[in-house]
Chemist: 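Before anything else, here's the structure in question.
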2 protein chains.
Amino acid sequence: MAMKTYSMELLFKALADRTRLRLLSLMGEDEVCVCYFVEVFKTNQPKISRHLAYLRRAGLVAARREGKWMHYRVATPPDAHAARIFMEVRAWLREEREMQRDRERLQQLCCAPRPPVQLKRAPRPASLAADAPRV
Amino acid sequence: MAMKTYSMELLFKALADRTRLRLLSLMGEDEVCVCYFVEVFKTNQPKISRHLAYLRRAGLVAARREGKWMHYRVATPPDAHAARIFMEVRAWLREEREMQRDRERLQQLCCAPRPPVQLKRAPRPASLAADAPRV
DNA sequence: CGCTCACATTTGCACAAGCGAATATATCAC
DNA sequence: GTGATATATTCGCTTGTGCAAATGTGAGCG
């Protein structure tokens with residue numbers, strides 16, 4: 001299971017950035033569409049894509065295409081030690097205040113009666129798709 | 001026990017450097033004198049001091065002065081999550097090949113019948129002090 | 001006191017990383 | 001095919017980080 005070539009630095013460099021930590025926190029256990037990240041962070045889209053690519057290279061997220069949309073979800077890194085540490089990191093993220101605020105904001109965007117224009121047709125995160133009002 | 005202001009980035013930035021990981025690995029459970037790091041890595045002394053200062057700012061090591069010598073040891077970061085993660089990191093370090101080689105090299109330097117000039121009078125790491133031959 | 005030793009800090013430079021703006025790619029609608 | 005939408009990548013630019021060399025600090029010795 002453990003992969004010899006996976007380096008500790010690769011993991012820690014990926015985790016040593018606030019934006020990337022916030023992205024991981026927003027994913028939680030769900031798949032999330034890129035456009036939601038852009039809305040929650042109120043930032044430009046290339047910035048999000050760049051950080052997601054970084055996380056993917058470190059084996060911390062995986063991507064799935066659905067038509068025009070890309071869904072990202074947290075993945076398990078190939079090294080056993082890295083996987084254990086990453087689990088602890090995600091537990092930590094769940095308890096951090098700023099991270100909680102981000103997730104609340106994501107929830108509001110998904111369930112808003114009049115979602116922002118950019119999200120009109122965007123597929124919602126899996127856990128919010130069922131009960132959220134469709135446009 | 002958990003300290004609110006301790007940031008995740010502080011921890012991961014400290015861990016995202018090979019030299020700092022090697023330093024942590026060399027300490028293991030002991031106090032180690034700065035001069036040993038310099039010898040094991042065969043590098044200049046300011047480089048070691050800078051990285052040790054970085055680790056100290058991140059709460060990952062503590063220092064103790066003994067006359068002219070400074071001894072560094074691994075410390076427990078003030079945040080509970082950080083402490084758990086740091087424990088896993090140290091377990092990982094114990095299994096990494098390059099890190100093992102560093103520790104073997106430290107052991108050789110301590111127990112050598114004719115230690116390098118720079119270490120003639122240096123205090124040895126605690127676990128090696130008892131059985132190692134004195135000069 | 002001055003001198004040496006062990007370590008810390010500063011300085012200047014090269015390189016890596018994050019940024020926004022612009023551009024490229026890929027899919028869908030027509 | 002064209003055009004629109006969603007995402008990825010590239011391009012300068014700025015900032016941060018690690019480095020070696022030089023300098024500073026603090027303790028012990030004579």
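By convention in this document, chain letters (A, B, ...) are assigned in the order of the sequence lines, proteins followed by strands, and residues within each chain are numbered from 1.
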Chemist: Are the side chains of A:D102 and A:L106 in touch, meaning some heavy atoms are under 4.5 Å apart?
Modeler: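 In short, these two side chains do not touch, never coming nearer than 4.5 Å.
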Chemist: Ignoring hydrogens and angles, tell me if any N or O in the side chain of B:R57 forms a donor-acceptor pair with the backbone of B:A14 under 3.5 Å.
Modeler: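 No.
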Chemist: Within this structure, what is the CG-to-P distance between A:L15 and C:dG18, rounded to whole angstrom?
Modeler: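 Whole-Å distance recorded here is 12 Å.
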Chemist: Does a distance-only test, which skips hydrogens and angles, find a donor-acceptor pair under 3.5 Å between the side chain of B:Q45 and the base of C:dA8?
Modeler: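 Flag set: donor-acceptor pair detected.
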Chemist: Let's see if you can work this out: which of D:dT7, D:dA8, C:dG18 has an atom nearest to the side-chain heavy atoms of A:C35?
Modeler: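 Nearest to the side-chain atoms of A:C35, counting from C-beta on, is D:dT7.
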Chemist: Expressed as a whole number of angstroms, how long is the span from B:E66:CD to D:dA27:P?
Modeler: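 It is 14 Å, rounded to the nearest whole Å.
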Chemist: Let me know, please, whether A:R20 or B:K47 comes out on the 5' side of the other along DNA chain C by nearest nucleotide.
Modeler: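 Per heavy-atom nearest nucleotide, the more 5' residue is B:K47.
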Chemist: Are A:Y54 and C:dC19 close enough that a side-chain N or O sits under 4.0 Å from OP1 or OP2?
Modeler: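 For C:dC19, OP1/OP2 do not have a side-chain N/O of A:Y54 under 4.0 Å.
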Chemist: Consider the side chain of A:S49, meaning its heavy atoms from C-beta on, and name the nucleotide among D:dG18, C:dT9, D:dA8 that approaches it most closely.
Modeler: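 Looking only at heavy atoms from C-beta outward on A:S49, the closest nucleotide is D:dA8.
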Chemist: What's the shortest heavy-atom distance between B:M99 and B:S25, and which atoms?
Modeler: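 That closest heavy-atom pairing would be CB-OG, 3.3 Å.
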Chemist: Can you check whether A:H51 has a side-chain N or O nearer than 4.0 Å to OP1 or OP2 of C:dC19?
Modeler: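 A:H51 to C:dC19 OP1/OP2: side-chain N or O found under 4.0 Å.
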Chemist: Grab the CE-C1' distance between A:M70 and D:dT7 for me, whole Å please.
Modeler: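 Those two atoms, CE and C1', are 7 Å apart.
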Chemist: Just by distance, do the side chain of B:Y72 and the backbone of B:L24 share a donor-acceptor pair under 3.5 Å?
Modeler: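 Side chain of B:Y72 to backbone of B:L24: no pair is present.
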Chemist: What is the distance from CH2 of A:W69 to C1' of C:dC28, rounded to the nearest Å?
Modeler: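 Result: 9 Å.
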Chemist: For the pair made of CD1 in B:I48 and C1' in C:dC7, what is the distance, rounded to whole Å?
Modeler: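 It is 12 Å, rounded to the nearest whole Å.
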Chemist: Quickly work out the B:R18 CZ to C:dA16 P distance and round it to whole Å.
Modeler: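 Rounding to the nearest Å, CZ of B:R18 and P of C:dA16 are 17 Å apart.
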Chemist: For a quick check of understanding: with a heavy-atom distance under 4.0 Å over all strands, which category does A:R65 fall into, base, sugar-phosphate or nothing?
Modeler: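 Touches sugar-phosphate only.
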Chemist: Quick check: on DNA chain C, is the nucleotide nearest B:A63 upstream (toward 5') of the one nearest A:N44, or the reverse? Name the residue that is more 5'.
Modeler: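 Final value for this comparison: B:A63.
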Chemist: Answer yes or no: side-chain N or O of A:R50 and base N or O of C:dG20 forming a donor-acceptor pair under 3.5 Å.
Modeler: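 Present.
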Chemist: Side chain of B:A53: nearest nucleotide among D:dA20, D:dT9, C:dT9?
Modeler: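 The nucleotide sitting nearest to the side chain is C:dT9.
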Chemist: Assign A:F37 to base, sugar-phosphate, or nothing according to its heavy-atom contacts below 4.0 angstrom with the strands shown.
Modeler: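 Counting heavy atoms under 4.0 Å across all strands, no contact is made by A:F37.
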Chemist: Using Watson-Crick pairs (N1 to N3, plus N6-O4 or O6-N4) and G-U wobble pairs, both distances under 3.5 Å, which stems of at least 3 pairs involve DNA chain C?
Modeler: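 Stems for DNA chain C, defined as runs of 3 or more consecutive pairs: C:1-30 with D:1-30.
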Chemist: Take atom NZ of B:K13 and atom P of D:dG18, then tell me their distance rounded to the nearest Å.
Modeler: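 Distance check: B:K13 NZ to D:dG18 P gives 10 Å.
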Chemist: Measure up the B:W92 and A:F12 rings against each other and bin them: parallel (under 30°), tilted (30 to 60°), perpendicular (over 60°).
Modeler: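 Tilted: the ring planes of B:W92 and A:F12 meet at 30° to 60°.
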Chemist: Look at the side chain of A:R73 and the backbone N and O of A:M27, then say whether any donor-acceptor pair between them is shorter than 3.5 Å.
Modeler: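 It does not hold such a pair.
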Chemist: Do A:R103 and A:E96 sit within salt-bridge range, that is, some charged N less than 4.0 Å from a carboxylate O?
Modeler: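 Looking at A:R103 and A:E96, the cut-off is not met.
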Chemist: Could you check whether any side-chain N or O of A:D79 sits under 3.5 Å from a backbone N or O of A:H81, counting only pairs where one atom can act as donor and the other as acceptor?
Modeler: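 Present.
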Chemist: Nearest whole angstrom, please: distance from the P of C:dG18 to the CG of A:L55.
Modeler: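 After rounding, the reported distance stands at 10 Å.
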